[in-house]
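Everything on this sheet refers to the single structure shown next.
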Amino acid sequence: MAPSAEIVVVRAAGPRFAARRAKLLARSASRGTKRSADVSDDAAPSTKRRKSSGLAPGTVTDDADKLPWHEVDRSEGAGIGGFDEKGGLLMLEEVDDVDVFYDEEAGGSKVAKFRIGKNAVDVVAVTSKVDQKSKKTKGKTAALAVAAPSSQPAEQPFDEYLLPEWQPFALKNQIKRSLHKLGFAKPTEIQKRALPFALQGRDIIGVAETGSGKTLAYGLPIINYLLAKYSGIPPPEKRTLSALILAPTRELALQVGEHLRAVVQGFDPALAKNEDEDDEKTPLGVPIISIGAIVGGMSNLKQKRVIDRGMDIMIATPGRLWDLLSEDASLAHQVRSIHFLVLDEADRMIETGHFEELHNILGLTRRTSDAEAIDEASSVAFQKAGIAVTEGQGSLSDDMQTFVFSATLSKDLQHNLKRRRRAPPRKKGQKPPSTLDELLERLDFRDEEPEIIDLTPEQGVSHTLQEAKLECVSEEKDLFLYYFLLRYPGRSLVFVSAIDGIRRIVPMLELLGLKVYPLHSQLQQKQRLKNLERFKAVPDGILIATDVAARGLDIPAVEHVIHYQIPRTADTYIHRSGRTARAEKPGFSLLLCSPNEKRVQQALLQKLGRAVDPPELPIDHGVIEKLKERLALAKKIDDAMHKIKKANHEKNWLQDTADALEIELDSDLEEDQPDRQYQKTAAQIASYKAELRALLSERVVARGIVARYITSGPQPVADDLMASSFNDKFVGITRSTATADVANQPSKARKERK
Ligand SMILES: Nc1ncnc2c1ncn2[C@@H]1O[C@H](COP(=O)(O)OP(=O)(O)OP(=O)(O)O)[C@@H](O)[C@H]1O
């Protein structure tokens, strides 16, 4: 059955009136379909009129059934009537001159109420005349309807009362409907500030804290533009590119795609099937807006197919895009004609070593009128790639809009970007202040005065983030990490500086029974995405990642970010910490700091402009010794398993070499010794594992707690049970959150006074 909202296309009217009535029409639609069974024998366009409810004008009711509904003629051409197997409407009713308003009930929920106007009842008589008239024009309407099915449905009214805070923005109703479905009741601050400029065609440099909704700040204007572009015409089967969004990592590019797709799916159900690249069997519909991602690590062939199919919005990592551009002159031509260029996390793109590729791609977006449009370096690159761009021939688009968004663009850089337009060109050989400056100099803003929206919070990190630190020696980082993950279950992201660290920590935590997944650049792309998906699906999941996961990833409900090592830069700290405390939700970030990192930590805090260190995470030392035992066993098992793996590897190597040389191995060497050693180690592993299993099967009892007598001891267990703060991992430690424990600990000053 078609959703009722789809049906509200019947008549155009003034925005307020239509919006009011839209709600009622949607309601009437469901009534129509609901009653389909009992009116099926009355299928032909009916002249039957529903009687007025008898309610006097001015009456207020919350029962939509009581309104003076009248049946609407279902002209075939309107695309709303008729019987078909796809669930067309059987009957449609409408009501006029009814005011809709919302009353707030206790508990905050809103209830729609209807006030009947003076004309609501009279209209029943009038409509029969209108119906006669519309029947006369039926031939004309039916002719128009021939093209209608493949074109975008006419813009349906939207009840602005549902999203009052989005009302000031000139976004298409389809978008507002999607936002409503997604539960985005109001724009975030960056959206509020950026949308008016973006919708006026201006260029924007937007800086706002992590998780503040930057993707839609640039994404909604693009979708809005495309809806206007295809309004009233059938969306073409093959698209030419309108928007290019560049993102630094594959995961971020795919995520941006998903995010925009979620908005488009709200009004275009064809999109989900059409863009699902993994599901090639699904028959393709024609989506209203086509979105595709071009990232490294995916099959070249598949991506070429996606490009051949054409798309409106492309989200790409620079490396892979440049590879494809080098082989596809028609794609290069499309990039030269785009209407939107977006750099998401521009500052990170240089860190990932894609400067050259990005430099070349940006060359294609600079205008012909710009004397330096194609510099020597680009020219060489383009020639090598077979792209027919000669001196002075860059972008073909005069009205391209440029959006640069990040959570970390220094103030200097923002102003350099803006000032550069009026500054005299740099002298030959004169270097730009930084690589990022150099890259951003490649941007050819069409806007004389790009709008800078800087909402950087003073602390750099989200205002809903609780930060903390834990000082411990390097050798004890594993122990305190394990303590934290056990003590504060919840989705946690642990950042480690090197891949080797991940390879060591993941098996160890797995042996300790935690749900851990690795994420780093040496994993295959498929595995990376799989691990990310698993992490998203498990509420207590733990992702151990390198900085490949630091930027932009929007994983729902990450509660904790742990910096296992101090990040190298303040920006990295901000982005890593920004994986939690997103979209106004609370989050917690913990910095594990060893004495030899102290200087780096001080430098980091200085760079972040912090006068004082973050507070220390309080530790329940009463359980630490018990956890040490578990950890030691896990390490022993892991070491032994390594020994076996190494022996196997050597054995295989020996055998392979012997095979290659066509020699027989000495049987002693081949069989006996390694096998005996193997059996010994395997037996040891089995025994350690049994011991560890026994330890893990019991709750850790804190020092001083007598578990057998639950009403005694310094922290009676019975109290926890009564207060429903029972901790299923520890006896004698109440369940709490890291944020609460940091916030509630006695301050240093108070402690010293004691
Ligand atoms: N208006 C809104 N109301 C509620 N949630 C929103 C709104 N806009 C976006 N969101 C949600 O907020 C979350 C963060 O959005 P987004 O990923 O765009 O943040 P960001 O600013 O790009 O973060 P980062 O700097 O880390 O990349 C997403 O889950 C998104 O769905």
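As the structure lists them, so they are numbered: ligands from 1, and atoms in each ligand from 1.
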Handout entry: pair Ser212-Lys214: side-chain heavy atoms closer than 4.5 Å
Key = yes
Handout entry: Heavy-atom check, side chain of His560 versus side chain of Phe484, under 4.5 Å
Key = yes
Fill in the blank from the handout: Near Arg582 (heavy-atom distance under 4.0 Å), the atoms of ligand 1 are 14 (C), 16 (P), 17 (O), 19 (O), 20 (P), 23 (O), 24 (P), 26 (O)
Practice task
Under 4.0 Å from a heavy atom of Trp166: give me the atoms of ligand 1 that qualify, with their elements.
Solution key: 1 (N)
Handout entry: Nearest non-hydrogen protein atom, atom 12 (O) of ligand 1
Key = Ala583 CB, 3.4 Å
Practice task
Apply the test ring pair (Phe, Tyr, Trp, His ring centres under 6.0 Å) to residues Tyr218 and Phe405: give CA-CA distance (whole Å), side-chain angles for both, the deciding distance (0.1 Å), then the verdict.
Solution key: CA-CA 8 Å; Tyr218 64 72; Phe405 276 84; 5.7 Å; yes
Problem - Ionic contact status for Glu451 with Arg202, cut-off 4.0 Å - result: yes
Problem - Per-atom contacts of ligand 1 with Arg579, taking only distances under 4.0 Å to non-hydrogen atoms - result: 26 (O)
Practice task
Would you please determine whether Tyr218 falls within less than 4.0 Å of ligand 1 on a heavy-atom basis?
Solution key: no
Completion exercise
Ranked by distance from atom 4 (C) of ligand 1, the top protein heavy atom is Phe184 CD2, 3.4 Å
Fill in the blank from the handout: the protein heavy atom lying closest to atom 25 (O) of ligand 1 turns out to be Lys214 NZ, 2.7 Å
Fill in the blank from the handout: of all protein heavy atoms, closest to atom 23 (O) of ligand 1 is Gly211 N, 2.8 Å
Exercise for the section: Measure the distances from the heavy atoms of Glu345 to every atom of ligand 1 and state whether one is below 4.0 angstrom. Expected result: yes
Practice task
Measure from the side-chain N and O atoms of Arg446 to the backbone N and O of Asp444, and report whether any donor-acceptor pair falls under 3.5 Å.
Solution key: yes
Handout entry: atom 8 (N) of ligand 1 [closest protein heavy-atom partner, distance rounded to 0.1 Å]
Key = Gln191 NE2, 2.9 Å
Handout entry: Presence of salt bridge, Arg582 and Glu209, under 4.0 angstrom
Key = no
Fill in the blank from the handout: Ranked by distance from atom 13 (C) of ligand 1, the top protein heavy atom is Asp554 OD1, 3.6 Å
Fill in the blank from the handout: Under 4.0 Å from one or more heavy atoms of Ser212, ligand 1 contributes atoms 19 (O), 20 (P), 21 (O)
Fill in the blank from the handout: The atoms of ligand 1 lying under 4.0 Å from a heavy atom of Thr215, numbered in the order shown, are 16 (P), 17 (O), 18 (O), 22 (O)
Handout entry: Identity and separation of the nearest protein heavy atom to atom 30 (C) of ligand 1
Key = His259 CE1, 3.2 Å
Problem - Lys186 to ligand 1, any heavy atom closer than 4.0 Å - result: yes
Problem - CD1 on Ile544 to CG on Asn531, rounded to 0.5 Å - result: 11.5 Å
Exercise for the section: Give a yes or no on whether a salt bridge exists between Arg491 and Asp540, defined as a side-chain N under 4.0 angstrom from a carboxylate O. Expected result: no
Practice task
Validate the cation-pi geometry between Arg568 and Tyr573: distance from NZ or CZ to the six-membered ring centre under 6.0 Å, angle to the ring axis within 45°.
Solution key: no
Handout entry: Polar proximity ligand 1 side, Ala185 side, N/O cut 3.5 Å exclusive
Key = no
Handout entry: Residues Glu467 and Arg610 bridged, charged N to O under 4.0 Å
Key = yes
